[in-house]
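These numbers come from the heavy atoms of this one structure, side chains and all, not from hydrogens, waters or symmetry mates.
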Amino acid sequence: MSFLKKLMALFGGRNAAQDANAYPSSTEPQPAQDPNSFMVSWQQAMFKKAKEVEPKVRDWIIYTLKEDGAIPFTWESGNDEAFVELTSFDAESPELEETIWSMQEFIIYTLAIPDAGEFQMDGKGEIYLQGNEARIRYESTYVEIVDYDEELDEPVYEKVEEKDSGDKLLFTI
């Protein structure tokens, strides 16, 4: 996600062009120049967490994709929170509650959706089948909070929005 690329360039001492090509989408992020970089460590931790959650949701993803064709989702993150909603499924269903929770975690970890910081990010995407590959595509918009208007009791966002999109391999069937 481009917000992450920006942070990598800022804290990792690398430029945006290096970051864009540094990590293949279906493999674990590897330190390119600075093994102690916070962002590289954070991305590796997110990748590891996604791989830990994947066994809990893999069979459900395969079944649902074969039945429904896609698993659409949206998210909102920032200000120390991240919320994912699977838009075609009832989160209140007792039978699906644990699966939905695990799917939300899986999406956050897979896309490395940030939650800590003074910003707002909204996104949407879907998990889909392409041949024998389960894939995830997404798009997001990021705005930075630059101030807080106490009279209106609301944040003031940077005027420039940053947009990002991508398509990643999750696993093969």
Side-chain angles (χ1 to χ4, degrees), residues 1-8 23-30 38-145 154-155 157 161-173:
M1 302 168 83
S2 61
F3 169 68
L4 295 175
K5 292 175 191 171
K6 224 186 221 186
L7 287 176
M8 281 292 289
Y23 308 120
S25 63
S26 63
T27 61
E28 180 176 4
Q30 297 296 318
F38 169 77
M39 288 304 296
V40 170
S41 298
W42 181 75
Q43 286 181 325
Q44 288 174 326
M46 295 296 272
F47 179 84
K48 182 179 178 185
K49 288 178 181 179
K51 289 300 175 192
E52 289 171 1
V53 175
E54 183 181 311
K56 296 178 186 176
V57 296
R58 184 182 174 101
D59 290 342
W60 185 83
I61 289 173
I62 293 168
Y63 173 81
T64 304
L65 291 177
K66 288 181 178 181
E67 289 293 312
D68 299 340
I71 303 169
F73 60 90
T74 61
W75 81 83
E76 295 178 16
S77 70
N79 300 313
D80 301 328
E81 300 177 317
F83 300 102
V84 172
E85 179 183 357
L86 300 178
T87 55
S88 294
F89 301 93
D90 180 10
E92 302 298 320
S93 168
E95 304 84 38
L96 287 179
E97 185 176 359
E98 189 172 326
T99 301
I100 297 290
W101 177 254
S102 295
M103 281 297 298
Q104 291 168 339
E105 288 183 309
F106 183 66
I107 291 168
I108 288 170
Y109 298 147
T110 298
L111 296 180
I113 296 173
D115 59 357
E118 299 297 317
F119 69 93
Q120 178 179 330
M121 180 184 285
D122 298 319
K124 65 180 181 177
E126 70 176 352
I127 298 174
Y128 68 99
L129 275 178
Q130 183 175 37
N132 66 340
E133 297 178 341
R135 302 188 63 84
I136 188 168
R137 64 178 146 227
Y138 66 92
E139 58 185 53
S140 64
T141 302
Y142 162 88
V143 290
E144 185 176 345
I145 298 174
E154 60 186 38
Y157 296 99
E161 291 184 351
E162 187 175 317
K163 298 190 180 286
D164 187 31
S165 62
D167 191 307
K168 293 181 170 189
L169 171 67
L170 295 176
F171 52 82
T172 56
I173 299 174

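The distance from atom CZ of Arg137 to atom CD of Glu126, rounded to the nearest 0.5 Å, is 4.0 Å. The distance from atom NZ of Lys168 to atom CZ of Arg135, rounded to the nearest 0.5 Å, is 11.0 Å. With values rounded to the nearest 0.5 angstrom, Leu129 atom CG is found 11.0 Å from Asp68 atom CG. Residue Thr87 holds its OG1 atom at 10.5 Å from CD1 of Ile71, rounded to the nearest 0.5 Å. With rounding to the nearest 0.5 angstrom, the CD atom of Gln130 is 13.0 Å from the OG1 atom of Thr172.
Checked by atom type and distance alone, the side chain of Ser88 never pairs as donor or acceptor with a backbone atom of Pro72 at under 3.5 Å. Distance alone, capped at 3.5 Å, is enough to place a donor-acceptor pair between the Gln104 side chain and the Val84 backbone.
When the ring-ring contact (aromatic ring centres under 6.0 Å, His included) test is applied to Trp60, the partners found at least two apart in sequence or on another chain are Phe89.
Shown here for Met103 and Ile127, the closest heavy-atom pair between the two residues is CE-CD1, 3.6 Å. Closest of all the heavy-atom pairs between Ala134 and Leu65 is CB-CD1, 4.2 Å.
Within the structure, salt bridge (charged side-chain N to carboxylate O under 4.0 Å, His left out) pairs that include any residue of residues 54-67 comprise Lys51-Glu54, Glu54-Arg58 (at least two apart or interchain).
Looking only at side-chain heavy atoms (C-beta outward), Phe171 and Ile62 come within less than 4.5 Å of each other.
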Q | Steps toward side chain to side chain contact (heavy atoms under 4.5 Å, CB included) verdict (Ile113, Met46) | A | CA-CA 9 Å; Ile113 296 173; Met46 295 296 272; 5.8 Å; no
Q: Could you give me the CA-CA distance, side-chain angles and deciding distance for Leu170 and Phe106, then say whether side chain to side chain contact (heavy atoms under 4.5 Å, CB included) is met?
A: CA-CA 10 Å; Leu170 295 176; Phe106 183 66; 4.1 Å; yes
Q | side chain to side chain contact (heavy atoms under 4.5 Å, CB included) evaluation trace for Tyr138 with Thr110 | A | CA-CA 11 Å; Tyr138 66 92; Thr110 298; over 6 Å; no
**Q.** Worked verdict on Ile107 versus Leu86 for side chain to side chain contact (heavy atoms under 4.5 Å, CB included)
**A.** CA-CA 10 Å; Ile107 291 168; Leu86 300 178; 3.7 Å; yes
